[in-house]
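Please read the structure below before turning to the comments.
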Amino acid sequence: NITWSINPEKRAQFLAELSVKLPVTRAYDGCYWLYLADNAEKGDGIVEAVSMWESREKYDSYLDFREESGELADFDSSYYTANPTWKFMPVLMDFNK
């Protein structure tokens with residue numbers, strides 16, 4: 001999971017950019033599923049992406065891809081009010097099968 005702290009005044013623009021970028025994320029090798037969510041308890045300044053990946057290595061490869069493209073730095077300077085936070089949660093049991 002990644003949590004973005006963003007400038008609420010730039011929320012619409014941030015979401016518009018993600019609507020183009022996240023389909024690429026979903027299509028990336030190893031991504032099983034991806035959701036973009038509000039954090040209802042934190043207000044308009046917080047947006048979260050929740051995803052499931054085949055492995056931590058596949059996700060790290062994806063992050064390298066985004067870093068090399070310069071997109072992560074562009075988002076940082078354009079939208080963030082704090083650094084994004086990541087939370088890695090290995091699945092212990094899957095009840096969706």
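No hydrogens, no waters, no symmetry mates; every other heavy atom, side chains included, goes into these values. Along the sequence shown, residues carry numbers from 1.
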Legend entry - Distance, nearest 0.5 Å, that separates NZ of Lys21 from OG of Ser69: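 That separation rounds to 7.0 Å.
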
Legend entry - Pairwise distance CD(Glu67) to CG(Asp60) - rounded to 0.5 angstrom: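 Those atoms lie 12.0 Å apart.
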
Min side-chain heavy-atom separation [X]-[Y] under 4.5 Å:
{"X": "Thr25", "Y": "Tyr62", "result": "yes"}
{"X": "Leu36", "Y": "Leu15", "result": "yes"}
{"X": "Thr3", "Y": "Lys87", "result": "no"}
{"X": "Arg26", "Y": "Leu22", "result": "no"}

Legend entry - Derivation of the side chain to side chain contact (heavy atoms under 4.5 Å, CB included) call for Trp86 and Leu63: CA-CA 12 Å; Trp86 278 268; Leu63 282 182; 4.2 Å; yes

Inset, instruction - Inspect the contact between Arg11 and Asp38 and indicate whether a charged nitrogen and a carboxylate oxygen are less than 4.0 angstrom apart. - result: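 Result for this pair is yes, salt bridge flagged.
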
Indicate, with yes or no, if [Y] and [X] share a hydrophobic cluster defined by side-chain heavy-atom contacts under 4.5 Å among Ile, Leu, Val, Met, Phe, Trp and Tyr.
{"X": "Ile46", "Y": "Tyr80", "answer": "no"}
{"X": "Met52", "Y": "Leu18", "answer": "no"}
{"X": "Trp53", "Y": "Val24", "answer": "yes"}
{"X": "Val50", "Y": "Met89", "answer": "no"}
{"X": "Phe88", "Y": "Ile2", "answer": "yes"}

Inset, instruction - List for me each residue that meets salt bridge (charged side-chain N to carboxylate O under 4.0 Å, His left out) alongside Arg66, sequence neighbours excluded, and say none if there are none. - result: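 If we apply the salt bridge (charged side-chain N to carboxylate O under 4.0 Å, His left out) test to Arg66, skipping adjacent residues, the hits are Glu71.
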
Legend entry - Tyr35, OH atom: more than 12 neighbouring heavy atoms under 6.0 Å: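 For Tyr35, atom OH is not crowded (no more than 12 foreign heavy atoms under 6.0 Å).
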
Legend entry - With Val20 via side chain to side chain contact (heavy atoms under 4.5 Å, CB included) - residues at least two apart: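 Testing Val20 for side chain to side chain contact (heavy atoms under 4.5 Å, CB included), a comparison that skips the adjacent residues, returns none.
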
Inset, instruction - May I ask you to decide if Ser78's main-chain N or O and Lys10's side chain share a donor-acceptor pair within less than 3.5 Å? - result: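 Looks like yes, one N/O pair under 3.5 Å.
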
Inset, instruction - Please assess Ser51 against Tyr59 for the test side chain to side chain donor-acceptor pair (under 3.5 Å), listing each intermediate value before the final yes or no. - result: CA-CA 10 Å; Ser51 59; Tyr59 184 73; 5.7 Å; no

Inset, instruction - Please check if any side-chain donor atom of Trp4 sits under 3.5 Å from a side-chain acceptor atom of Tyr79, or the reverse. - result: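 The answer is no; no qualifying pair exists.
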
